[in-house]
Amino acid sequence: MKHIKCTELFISDFIFYSRYLTQKKYPELLTLLYKGSTLLLERDQQGSGADLAILFVEVLTKSETKPNEEWVSKLAKLFELISSSVPERETFLTNSIKWSMDNNKKGDPLLHKKIAEVFWKEKKYTAAHRHFLHSSDGSAYANMLIELHTTKGLKSEIDLFIAQAVLQILCLRNVRMATETFLRYTETHPKIKNSKGPPYIFPLLNFLWFLLRAVEQRHVRQFMVLKNWYAISIKRDPNYSIFLDNIGRIWFGIEIPSENRNPNSMFGGLIKSIIGDIDSSDDDGESKTSATAPDLD
């Protein structure tokens with residue numbers, strides 16, 4: 001009986017969808033689709049509920065509705081209700097991010113944050129990491145990194161977790177978020193708990209602290225000295241040198257070696273996976289959010 005009623009609800013919503021869409025009654029249509037999809041998903045009618053959720057995003061796009069906290073929160077709730085086993089979940093997420101893009105093809109930071117929090121709740125750390133990078137919320141991201149390290153990481157990796165995050169965020173041109181993430185991680189990680197700054201017991205943390213100061217001050221000489229002084233720590237992960245080459249280009253105007261500009265090279269492929277075409281980003285030094293969440297594992 002419950003299944004029959006849900007089927008009737010889906011058919012009814014679809015009929016009204018066609019009618020309201022033709023009449024361009026977007027507010028009524030959005031209310032109808034949101035309530036219908038929520039009800040179906042809560043009753044575990046995943047297929048029909050996900051279909052209505054996708055239509056909900058479609059109407060947001062067609063009506064040229066701009067992202068705000070109300071719509072972002074509704075999208076996040078629908079995403080959480082859609083089971084990860086349902087193929088339509090990825091379609092819903094992709095369409096939601098596209099809807100939230102601005103003129104520079106950036107996704108809305110709040111949407112990325114809320115999606116990251118859903119993945120975090122599901123213990124899907126890789127997916128959460130991708131979206132947190134674009135959330136502009138360094139504190140929440142750091143909290144997840146601490147949980148990830150303390151539950152899954154090795155003791156010797158305590159500095160590697162935050163180093164990867166900070167360098168990637170700087171490649172995304174968001175020094176404010178990079179600093180916030182670093183400070184939150186080092187102040188609240190149970191094995192660090194340092195709110196005063198250097199010296200840290202881990203050399204890589206000292207490097208990151210000084211690197212963030214150099215970026216904020218656009219101090220190119222300090223940047224070059226840091227790379228040499230902490231060369232041994234930097235070599236712990238071959239990707240660090242790649243990230244630092246791009247940080248040098250973005251923040252200090254240091255030209256990347258010609259062989260690394262080739263998008264098919266290791267450098268080109270890695271950086272493009274993070275921020276897209278490395279020559280197409282803004283130069284204001286303050287990142288918002290990339291259009292898609294790249295694979296940065």
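Between the side chain of Q46 and the backbone N or O of S83, at least one donor-acceptor pair lies under 3.5 Å. Checking side-chain atoms of T186 against main-chain N and O of L183 turns up a donor-acceptor pair under 3.5 Å. Side chain of R176 to main chain of S136: a donor-acceptor pair is present (N/O by atom type, distance under 3.5 Å, no hydrogens or angles).
A cation-pi contact links R89 to F79, judged by a cut-off of 6.0 Å to the six-membered ring centre and 45° from its axis. For the pair R213 and W209, the cation sits on the ring face: its NZ or CZ lies under 6.0 Å from the ring centre, inside 45° of the axis.
Heavy atoms of other residues, nucleotides or ligands lying less than 6.0 angstrom from NZ of K66 number 12 at most. The local environment of NZ in K191 is sparse, with at most 12 non-hydrogen atoms from other residues, nucleotides or ligands closer than 6.0 Å.
With no hydrogens or angles considered, a side-chain donor-acceptor pair links E180 and S139 at under 3.5 Å.
Of all non-hydrogen atoms in L204 and A163, the two that sit nearest each other are CD2-CB, 3.5 Å. Across all non-hydrogen atoms, the minimal contact from W99 to P67 is CH2-CA, 3.4 Å. Heavy atoms only, all atoms of each residue included: L172 and L133 are closest at CD1-O, 3.8 Å. Summarising the geometry of L170 relative to A178, their closest heavy-atom pair is CD2-CB, 3.8 Å, with the distance given to 0.1 Å.
Residues that satisfy the ring-ring contact (aromatic ring centres under 6.0 Å, His included) test with F202, not counting sequence neighbours, are absent from this structure. Listed by chain and residue number, F182 satisfy the ring-ring contact (aromatic ring centres under 6.0 Å, His included) test with Y200 (two or more places apart in sequence, or in another chain). Here Y34 pairs with F56 under the ring-ring contact (aromatic ring centres under 6.0 Å, His included) rule; sequence neighbours left out. Looking at residues two or more places apart in sequence or on another chain, you find no side-chain hydrogen bond (donor to acceptor under 3.5 Å, both in side chains) involving T91. Partners of E117 under the side-chain contact (heavy atoms from CB on, under 4.5 Å) rule, at least two apart in sequence or in another chain, are K113, K114, F132. For W120, the side-chain hydrogen bond (donor to acceptor under 3.5 Å, both in side chains) partners at least two apart in sequence or on another chain are E147. Listed by chain and residue number, nothing satisfies the side-chain hydrogen bond (donor to acceptor under 3.5 Å, both in side chains) test with K24 (two or more places apart in sequence, or in another chain). Qualifying side-chain hydrogen bond (donor to acceptor under 3.5 Å, both in side chains) partners for E28, counting only residues two or more places apart in sequence or in other chains: none. With sequence neighbours excluded, no residue forms a ring-ring contact (aromatic ring centres under 6.0 Å, His included) with Y26.
The list of ring-ring contact (aromatic ring centres under 6.0 Å, His included) pairs with a residue in residues 142-164, not counting sequence neighbours, reads H149-F161, H149-H189.
Rounded to the nearest 0.5 angstrom, S100 OG and L60 CG are separated by 10.5 Å. Between atom NE2 of residue H112 and atom OG of residue S96 there is a gap of 10.5 Å, rounded to the nearest 0.5 Å. How far NE2 of H131 is from CZ of F119: 5.0 Å, rounded to the nearest 0.5 Å.
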Donor-acceptor pairs under 3.5 Å, side chain of residues 220-234 to any protein atom, not counting sequence neighbours: which ones?
residue: N228; atom: ND2; partner: M224; partner atom: O; Å: 3.4

N/O donor-acceptor pairs under 3.5 Å from side chains in residues 69-76, not counting sequence neighbours:
residue: E70; atom: OE2; partner: K74; partner atom: NZ; Å: 3.2
residue: S73; atom: OG; partner: E69; partner atom: O; Å: 2.8

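Just one residue in the list D137, T179, N143 forms a side-chain hydrogen bond (donor to acceptor under 3.5 Å, both in side chains) with R184, and that residue is N143.
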Could you walk me through whether N246 and I242 pass side-chain contact (heavy atoms from CB on, under 4.5 Å), step by step?
CA-CA 7 Å; N246 202 50; I242 299 173; over 6 Å; no
